[in-house]
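A, B, ... follow the sequence lines: proteins, then strands. Residue 1 opens every chain. Owing to the predicted nature of the structure, the values given are computational and were not obtained by experimental measurement.
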Number of protein chains: 2
Amino acid sequence: MGVHRKTRNLELVLDAFRDTQEALSAHLLMDRLPAYVNRSTVYRLLDRLEDDGVLHSFLASENIKFYALCRGCSQSGHVHSHAHFQCTSCSQVVCIEQQVVVPTLNQGRVDEAQVLLKGQCATCMQ
Amino acid sequence: MGVHRKTRNLELVLDAFRDTQEALSAHLLMDRLPAYVNRSTVYRLLDRLEDDGVLHSFLASENIKFYALCRGCSQSGHVHSHAHFQCTSCSQVVCIEQQVVVPTLNQGRVDEAQVLLKGQCATCMQ
DNA sequence: TTCATTATTGCAACAGAGTCGCATTAGTTA
DNA sequence: TAACTAATGCGACTCTGTTGCAATAATGAA
């Protein structure tokens with residue numbers, strides 16, 4: 001997983017992801033980190049953790065990039081065709097374990113499918 | 001479709017979409033419009049045309065919002081669970097007519113599925 | 001433990017997408 | 001033709017994310 005010094009910021013970021021089932025944007029993540037953690041550092045850590053296969057990313061509403069821990073992905077064979085669900089009421093984003101059937105095309109080659117389901121989560125439906 | 005005065009800018013935007021099979025971002029659209037069309041105006045027209053059900057939008061790579069003409073959508077019953085394909089080489093985005101099977105969840109309600117397929121288009125594969 | 005190496009960080013400035021308030025312009029209807 | 005007001009242009013702004021550079025600190029070797 002590349003060169004990684006065990007820094008306090010790295011631990012804080014990893015802990016934040018381990019502490020939740022949610023996917024987090026850089027902004028949401030920073031809300032959960034101490035204020036002294038620099039914005040650039042957060043973005044750099046997210047980038048690096050994604051490169052290293054620790055996190056995966058995807059786009060949700062409002063053009064915001066979300067990150068979540070990779071669970072059940074090896075570094076060589078990522079399984080990222082799983083869907084993500086975003087609640088249109090509370091904006092919370094979660095990973096859906098269920099795999100998505102990637103459509104094939106007549107032309108071209110499909111390498112990856114990003115599926116974002118939008119609707120209302122159980123909590124907001126009450 | 002709301003109040004729409006038939007302005008030159010509106011016609012230019014609609015023509016740009018009619019002239020292509022591609023989906024266009026605001027930026028790509030502006031490249032195809034005369035330079036005198038204001039950036040704010042483009043964004044406002046895209047918003048309005050989406051509200052009116054003339055265009056639909058979705059997110060592609062790099063957090064960029066793309067727009068395409070709605071084909072076969074009524075204003076009341078949009079069918080926007082179709083997929084979009086983006087070529088990772090040339091970045092071109094096209095709509096895939098084929099419908100996507102929207103997964104159901106154990107909890108919550110799914111209203112919409114945004115599916116972005118990424119890979120290489122036929123042209124770039126050669 | 002100390003030192004040298006260099007990955008990591010903080011800062012500040014920047015870039016790009018998109019929004020907004022407001023005064024001006026120009027379709028539309030009477 | 002005139003009045004109404006939607007649409008526009010402008011500029012300033014917000015927000016997400018990036019980058020260059022100097023300072024800091026984790027790590028491995030001595």
Side-chain angles (χ1 to χ4, degrees), chain A residues 1-17 22-52 54-68 84 86 91-93 114 116, chain B residues 1-17 22-52 54-68 84 86 91-93 114 116:
Chain A
M1 61 179 265
V3 180
H4 268 318
R5 292 181 177 180
K6 190 175 165 183
T7 63
R8 177 160 63 164
N9 289 336
L10 176 63
E11 288 307 308
L12 286 169
V13 168
L14 288 175
D15 284 346
F17 279 103
E22 282 177 67
L24 300 175
S25 63
H27 185 84
L28 287 173
L29 173 59
M30 283 186 261
D31 285 346
R32 297 170 185 222
L33 295 175
Y36 60 74
V37 182
N38 189 271
R39 210 160 54 98
S40 302
T41 301
V42 171
Y43 280 113
R44 280 189 277 232
L45 283 173
L46 288 173
D47 276 359
R48 221 167 53 212
L49 288 171
E50 185 178 13
D51 283 348
D52 293 342
V54 179
L55 299 177
H56 65 276
S57 77
F58 53 94
L59 295 176
S61 292
E62 308 300 321
N63 301 20
I64 309 270
K65 199 171 185 179
F66 275 73
Y67 293 83
H84 299 96
Q86 182 165 36
S91 296
Q92 198 177 86
V93 180
Q114 295 191 350
L116 178 66
Chain B
M1 60 180 267
V3 180
H4 269 317
R5 293 181 176 179
K6 189 177 166 182
T7 63
R8 179 160 61 164
N9 289 336
L10 177 63
E11 288 306 308
L12 286 169
V13 167
L14 288 175
D15 284 346
F17 279 104
E22 282 176 68
L24 300 175
S25 62
H27 185 84
L28 286 173
L29 174 58
M30 283 185 260
D31 285 346
R32 298 171 184 221
L33 296 175
Y36 60 74
V37 182
N38 188 272
R39 210 160 54 99
S40 303
T41 302
V42 171
Y43 281 111
R44 281 190 278 233
L45 283 173
L46 288 173
D47 275 358
R48 222 167 52 214
L49 288 170
E50 185 178 13
D51 282 348
D52 293 342
V54 179
L55 299 177
H56 65 277
S57 77
F58 54 94
L59 295 176
S61 292
E62 309 299 321
N63 302 19
I64 309 271
K65 199 171 183 179
F66 275 74
Y67 293 84
H84 299 95
Q86 182 165 35
S91 295
Q92 199 176 85
V93 181
Q114 294 191 351
L116 178 65

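In this structure, the side chain of B/Asn38 engages the main chain of B/Ser40 through a donor-acceptor pair within 3.5 Å. Of the possible polar contacts, one joining the B/Gln86 side chain to the B/Ser91 backbone as a donor-acceptor pair under 3.5 Å is found.
Contact annotation: B/Arg48 side-chain N/O to D/dA7 OP1/OP2 distance is under 4.0 Å. Listed pair B/His27 / C/dG18 fails the phosphate criterion, with no side-chain N or O lying under 4.0 Å from OP1 or OP2. Checking the phosphate oxygens (OP1, OP2) of D/dA7, no side-chain nitrogen or oxygen of B/Thr41 falls inside 4.0 Å. Side-chain N/O atoms of A/Asn9 include one lying less than 4.0 angstrom from OP1 or OP2 on C/dT9. Remark: B/Asn38 is not in phosphate contact with D/dT8, judged by side-chain N or O atoms under 4.0 Å from OP1 or OP2. Between C/dT19 and B/Tyr43, no contact under 4.0 Å exists linking OP1 or OP2 to a side-chain N or O.
Across the protein-nucleic acid pair, B/Leu49 atom CG and D/dA7 atom C1' stand 13 Å apart, rounded to whole Å. The interatomic distance linking A/Met30 (CE) with D/dC15 (P) rounds to 12 Å, in whole Å. A straight line from NE2 of B/His4 to P of C/dG27 spans 15 Å, rounded to a whole angstrom. Rounding to whole angstrom units, OH of residue A/Tyr36 and C1' of C/dT8 are separated by 15 Å. The CZ-C1' distance, from B/Phe58 to C/dA17, rounds to 16 Å in whole Å. What separates CG of B/Leu29 from C1' of C/dG18 is a distance of 14 Å, to the nearest Å. Rounding to whole angstrom units, CG of residue A/Asp31 and P of D/dC15 are separated by 13 Å. Atom CZ of A/Arg39 and atom P of C/dC14 are 14 Å apart (whole Å).
For a distance-only test at 3.5 Å, the side chain of B/Arg5 fails to qualify as a donor-acceptor partner of the base of D/dA7.
Nucleic acid contact class of A/Ser40 (heavy atoms, under 4.0 Å, all strands): base.
Rounded to the nearest 0.5 angstrom, A/Leu46 CG and A/Asp51 CG are separated by 11.0 Å.
In terms of position on DNA chain C, the residue among B/Leu59 and B/Arg44 whose nearest nucleotide sits closer to the 5' end is B/Leu59.
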